[in-house]
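On a predicted model such as this, the values are computed, not experimentally measured, just so you know. Proteins come first, then strands; the chains are lettered A, B, ... in the order of their sequence lines, and each starts at number 1.
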Amino acid sequence: MQLLETLNDKQREAVETTEGAVLILAGAGSGKTRVLTHRAAYLISEKGVDPWNILAITFTNKAAGEMKERIDRLCEEDGGKVWVATFHATCGRILRRHAELLGYTSNYTIYDTDDTKALMKRVLKTLDVDNKMYPERMLLSVISSAKNSFETPDDMYKQAGDYRGRKIAEVYEEYQKQLRANDAMDFDDMLLNTVELFTRFPEVLLSWQERFRYIMVDEYQDTNTVQFEFVRLLASKYGNLCVVGDDDQSIYKFRGADIRNILEFEQYFPKARVIKLEQNYRSSSNILNTANAVIKHNRGRKAKTLWTDKGGGDPVEYREYSTAYDEAEGIVMDIKANLRRFAYGDCAVLYRTNAQSRLFEEKCVLYSIPYKLVGGVNFYQRREIKDIIAYLKTVVGAKDDLSVQRIINVPRRGIGQTTVTRLADYAASEGIDFYEALTCADRISGINSGTAAKIAGFVSVIEGLREVRGSLSIKELVEAVCEKSGYIKELREEKTIEAESRIENIEELINKAAEFPDEPGDMTALSQFLEEVALVADVDTLDDDENRVVLMTMHGAKGLEVPRVDLAGMEEGLFPGYMSISSGDESDIEEERRLCYVGITRAKEKLTLSAARERMVNGETRFSQVSRFIKEIPEEMLETEGKSPRAKSPVLPEYAKYGMGARASGSAAEPRNARPGSVIGSGSAAAYLGKTLETGRLTKLSYGVGDRVRHIKFGEGTVAAIEDGKRDFEVTVDFDRVGSKKLFASFAKLEKI
DNA sequence: TCGAGAATTGTTTTT
DNA sequence: CAATTCTCGA
């Protein structure tokens, strides 16, 4: 039983409780991955469970790979047979098997964010909706949250309070229709459809219940309602469900994650055993105390106190720079100066937004520091990669119009927008696929013979590839696509550095294809390859063994641990972000605070926090105050280059403004508090540090009780009451969608309609 | 049809 | 300051 020897009492309890529902509340760094891997190994080697019957769901593919490897190492039998995958990969694999039952082909396509955006554009065109009034981004996010709460277009239509709401429901309906027509699913659909499959076909559900008798879910705090339902259904026969999570690390509310899944787990599973892991093995006590100091400002969390028997370690540092440039330089130089202690691979720079990465990247290049940038544009989302993938999809015969339209003129074939529109219209009127329309282009009115010949050229490229696909491996097929389509040729002729790196990326894709095990002509394998490619996240490409500084967002850093961490951009308006401050909803701030907690707890030995007083945002210089999260840390816990940060009196730039850039204040959309020349907070050190944060007061509101108003996030509603509070008006609004909320007028930015 | 240059507009976070 | 969209001339 040496499997259990390396575990503490609580961990051991978690491993040994194999039957029934178990909720493991695992604080940051408390060894939850250890518990999960040991639990799987214990099930196999001590309880004699067939690895085939175990399902473990992780948050990223990288985590899945690592967990699989560790389980394998722990047990002599083949732990490799344990199904370890993300929610999306799991659903993808299940759906491949039963797609026909739901009216898809087993060849169905997965649409990523870019694809759905393109599709939405087309939806707006077919419905003749003004995309100024209804931006795609907003529509997609509304649809996504609808899907995450099982809301159909019909439901949405019935619930809609006004014209706008009904219009959005119509868009949702058409969007789904077009997805269907393209035999495609977006990320949300993958989960939704699996749940639908399980509910509509009990015999299918039963077969999977029999398969997965033991289920474990990692990062449970970030599951959404649909994922919860998926897990609940699967576990409802045997009831062996073990979830591991930490409510303090729930950072994906914007993506539909519902923290109630963890807070109310015991209500869903009354017999659930709850086990708390509170000993932290990762961070020094100075770091841990800092994390605790911040997170304790959140309400509505499960009581727990992380502790460690580690010593204090290095003091946590806080550095304030005058510009974001200085900040990047300071951090990078400091990493360089401390190389004896922390190798490049031991360092991570974390920030709130991807946009911040550029400065760090520049400085790393400047001082020739090896770095790895995670996030931003995913490898598989690069244009050239998506083009090749689109070719592959077309060649396999996926009825994905979007893919065909994407590549019909790539490389240049002289087939323009007008022609594509004509073809699409024709296809729509005849009720055929877009590609089919291409094969009879010469019969379509409005297309002249010259254009028809160009289209025929494209068709013959595809047909030629279709003829050979049966005898080629995936790798060879990718090569054939690059060759026959003239894609590589066009890039070569460009002779720019840009084109050069595109070619390199394509070669990288060919390498990936070569690694994929398949027989020549195996179309199922090709579908799998395309699916895998669609579900790769950027963190997945992170290789721990490389000796490079990691640059990424705090979201991306979840699940990671690094000896040295720099948290950059600790400024009000950036972190916590402007949106969370202005929404007037305290729970938004709490989510940011959890993110801060996640960031802090990534560090094992050394943590440095930093802020810049001045930073370029949207081409405008923005001045900010120090993040409230810094102020939540007791002064004596922070070391600030000998001096206390609060004793310093920083010089306030003349046009200091709170939150937004200069343009907004000039736009006169609403009365601004800060006229140029009137410095908020009077420039004294105390005011700068926000002890007496003075946002100025609105003296008049543009709306009154009974007026209809619009809120940037909650949508439309009616003003129920206005109270003249101490420092601001407190406005109570009954929102159509989200119910009644109390907001501060100066933050909420309500718009009268 | 297509490219160059102008204009506009935008901010979280990601499977 | 981008990145994307728009506009216009060839």
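A cation-pi contact, defined as under 6.0 Å to the ring centre and within 45° of the axis, is absent between A:Lys558 and A:Tyr252.
For A:Thr421, the side-chain contact (heavy atoms from CB on, under 4.5 Å) partners are A:Gln417, A:Asp425, not counting sequence neighbours. Every residue meeting the side chain to side chain donor-acceptor pair (under 3.5 Å) condition with A:Lys147, not counting sequence neighbours, appears here in chain and number order: A:Gln176, A:Asp186, A:Asp189.
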Heteroatom pairs (N/O) under 3.5 angstrom, protein to nucleotides 13-15 of chain B:
from   : atom 1 : to       : atom 2 : distance (Å)
B:dT13 : OP1    : A:Asn354 : N      : 2.7
B:dT13 : O4'    : A:Arg352 : NH2    : 3.4
B:dT13 : O2     : A:Arg352 : NH2    : 2.6
B:dT14 : OP1    : A:Thr553 : OG1    : 3.0
B:dT14 : OP2    : A:Asn354 : ND2    : 3.3
B:dT15 : O4'    : A:Arg255 : NH1    : 3.4
B:dT15 : O2     : A:His88  : NE2    : 3.0

Which pairs, protein N/O on one side and nucleotides 3-10 of chain C N/O on the other, fall under 3.5 Å?
from  : atom 1 : to       : atom 2 : distance (Å)
C:dT5 : OP1    : A:Lys121 : NZ     : 2.9

With the criterion being N/O to N/O and under 3.5 Å, what pairs connect the protein with nucleotides 2-5 of chain B, and how long is each?
from  : atom 1 : to       : atom 2 : distance (Å)
B:dC2 : OP1    : A:Gly414 : N      : 3.2
B:dC2 : OP2    : A:Asn409 : ND2    : 3.4
B:dG3 : OP1    : A:Arg412 : NH1    : 3.3

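Comment: A:Glu361 does not engage A:Arg358 in a salt bridge, judged by the lack of any side-chain N to carboxylate O separation of less than 4.0 angstrom. Between A:Lys363 and A:Glu329 there is a salt bridge, since a side-chain N of the basic residue sits under 4.0 Å from a carboxylate O of the acidic one. The pair A:Asp222-A:Lys253 does not count as a salt bridge, with every side-chain nitrogen at least 4.0 angstrom from each carboxylate oxygen. The pair A:Glu571-A:Arg622 fails the salt-bridge criterion, with no side-chain N (NZ, NE, NH1 or NH2) lying under 4.0 Å from an Asp/Glu carboxylate O.
A:Ser587 and A:Asp585 are linked by a side-chain donor-acceptor pair at a separation below 3.5 angstrom, with hydrogens and angles left out of the test.
Under the 3.5 Å distance criterion, the side-chain polar atoms of A:Asp258 are left unmatched by any main-chain donor or acceptor of A:Asn224.
Within the structure, the salt bridge (Lys or Arg N to Asp or Glu O under 4.0 Å) test picks out no pair touching residues 412-423 of chain A (sequence neighbours left out).
Summarising the geometry, the separation between CE on A:Met138 and P on B:dT9 is reported as 18 Å, rounded to the nearest angstrom.
In terms of position along DNA chain B, the nucleotide closest to A:Arg422 lies nearer the 5' end than the nucleotide closest to the other residue of the pair A:Met616 and A:Arg422.
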